[in-house]
K.L.:
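Mind having a look at this structure? Questions to follow.
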Amino acid sequence: MSAALVTVPYFLRPGERGVVAHFEALAEESPVPLVIYHIPYRTGQAVGAATLRRLAAHPRIAGVKYATGGVDQDAIDLVGDVPEGFAVLGGDDAVISPLLALGAAGGILASAHLETRSFADLADAWRAGDAGDVARARDLGRRLARLSAALFAEPNPTVIKGVLHAQGLIPTPDVRLPLLPAAEETVSRALAALRA
């Protein structure tokens, strides 16, 4: 499925009524469904579970990338009662495993550029849910959380680009200002976490 990932309005902090009006207007005009990118530590605008459920009722709003910095009460409330046809997707790499354990549909994760198969296996294991898969999901979740912490030791995507460059997968670790490339030591620690 194609969809547009659209952040909650930032800077103005329009309140939840303004967020609803914003996304409903966008959804009416968009040629593809929308996925709300809820990242309050970057936008300055929190959106509660009730508001996300209200937006989920719109037929052109397909889901939310939930990146609040942890698994908070709103995440528990939302995943505990997900509207039909609406996907809750984890957006904080280090806490994807607990969010999947609660019932999230998947994730949109920068760390998955490096461990795609492992993140897919993690989601599959939580979905399967039998005792062997849960134990496997816990082990994978712990390992991937450590990797994600190493990859986010400096502003994203600097460390990931440094690792991809060190692996010969991209031609340069350069990023645009005001970001600077990750320090060599940080990239080395991330490479070590990747090998672990």
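Below, each value reflects all heavy atoms present in this structure, side chains not excepted, and no hydrogens, waters or symmetry copies. One-based numbering along the sequence shown.
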K.L.:
Have a look at Tyr66 and tell me which of Asp92, Leu52, Ile108, Leu89 forms a side chain to side chain contact (heavy atoms under 4.5 Å, CB included) with it.
P.N.:
Leu52
K.L.:
What are the two closest non-hydrogen atoms of Pro157 and Leu179, and how far apart are they?
P.N.:
CD-CD1, 3.9 Å
K.L.:
Applying side chain to side chain contact (heavy atoms under 4.5 Å, CB included) to Leu169 and His113, what does each step give before you reach the verdict?
P.N.:
CA-CA 11 Å; Leu169 297 172; His113 286 293; over 6 Å; no
K.L.:
Could you measure the distance from the CZ atom of Arg143 to the CG atom of Leu147? Nearest 0.5 Å is fine.
P.N.:
7.0 Å
K.L.:
Rounded to the nearest 0.5 Å, what's the gap from CG on Asp124 to CZ on Phe119? Could you check?
P.N.:
13.5 Å
K.L.:
Which pair of heavy atoms, one from Ser2 and one from Pro33, lies closest together, and at what distance?
P.N.:
O-CD, 3.4 Å
K.L.:
Looking at side-chain heavy atoms only, is the closest gap between Val134 and Trp126 below 4.5 Å?
P.N.:
yes
K.L.:
Between Arg54 and Glu16, is there a side-chain N and carboxylate O pair less than 4.0 Å apart?
P.N.:
no
K.L.:
Decide yes or no for Glu184 and Val187: does some side-chain heavy atom of the first lie under 4.5 Å from some side-chain heavy atom of the second?
P.N.:
no
K.L.:
When you measure from the side chain of Arg53 to the backbone N and O of Asp81, does any donor-acceptor pair fall under 3.5 Å?
P.N.:
yes
K.L.:
To the nearest 0.5 Å, tell me how far Leu164 CG sits from Leu114 CG.
P.N.:
5.0 Å
K.L.:
Taking atom CD of Gln73 as the centre, report whether more than 12 heavy atoms of other residues, nucleotides or ligands fall under 6.0 Å from it.
P.N.:
yes
K.L.:
Decide whether Phe86 and Ile76 are clustered together by the hydrophobic rule: side chain heavy atoms of Ile, Leu, Val, Met, Phe, Trp, Tyr closer than 4.5 Å, transitively.
P.N.:
yes
K.L.:
Hey, are the side chains of Val8 and Ile39 touching, using non-hydrogen atoms and a 4.5 Å cut-off?
P.N.:
no
K.L.:
Do other residues, nucleotides or ligands put more than 12 heavy atoms under 6.0 Å from Tyr41 OH?
P.N.:
yes
K.L.:
Is there side-chain contact between Thr158 and Leu180, with heavy atoms separated by less than 4.5 Å?
P.N.:
no
K.L.:
Quick one: do Val95 and Leu122 end up in the same hydrophobic cluster if we chain Ile, Leu, Val, Met, Phe, Trp and Tyr together by side-chain heavy atoms under 4.5 Å apart?
P.N.:
no
K.L.:
Hey, does the side chain of Lys161 reach the backbone of Pro181 with a donor-acceptor pair shorter than 3.5 angstrom?
P.N.:
no
K.L.:
Give a yes or no on whether the backbone of His58 and the side-chain of Glu24 come within a donor-acceptor separation of less than 3.5 Å.
P.N.:
no
K.L.:
Verify the distance criterion only: is there a donor paired with an acceptor across the side chains of Arg42 and Thr7 at less than 3.5 Å?
P.N.:
no
K.L.:
Does Val64 reach the side chain of Leu78, with side-chain heavy atoms less than 4.5 Å apart?
P.N.:
yes
K.L.:
Could you state the interatomic distance from OG (Ser111) to CG (Asn156), rounded to the nearest 0.5 Å?
P.N.:
7.5 Å
K.L.:
Could you grab the distance from atom CG of Asp93 to atom CD of Glu115, nearest 0.5 Å is fine?
P.N.:
12.0 Å
K.L.:
Distance check, rounded to the nearest 0.5 Å: Thr172 atom OG1 versus Ile170 atom CD1?
P.N.:
7.0 Å
K.L.:
Main chain of Pro40, side chain of Gln45: is a donor-acceptor contact present, judged purely on distance under 3.5 Å?
P.N.:
no
K.L.:
Below 4.0 angstrom, N of the basic side chain to O of the carboxylate: do Arg117 and Asp121 qualify?
P.N.:
yes
K.L.:
Asp74 versus Thr68: any side-chain heavy-atom pair under 4.5 Å?
P.N.:
no
K.L.:
Provide the closest heavy-atom pair for Gly106 versus Ile96 in the form atom of the first, atom of the second, distance.
P.N.:
O-CD1, 3.6 Å
K.L.:
Are Arg136 and Asp133 within salt-bridge range, i.e. N to O under 4.0 Å?
P.N.:
yes
K.L.:
Determine, step by step, whether Leu140 and Ser97 satisfy the side chain to side chain contact (heavy atoms under 4.5 Å, CB included) criterion, reporting the C-alpha distance in whole Å, the side-chain angles of both residues, the deciding distance to 0.1 Å, and the verdict.
P.N.:
CA-CA 8 Å; Leu140 264 173; Ser97 188; over 6 Å; no
K.L.:
How close do Pro83 and Ala56 get, heavy atom to heavy atom, and via which atoms?
P.N.:
CG-CB, 3.6 Å
K.L.:
Any chain of hydrophobic side-chain contacts (each under 4.5 Å) joining Val82 to Leu100?
P.N.:
no
K.L.:
Please check if the side chain of Arg13 supplies one atom and the backbone of Ala46 the other of a donor-acceptor pair under 3.5 Å.
P.N.:
no
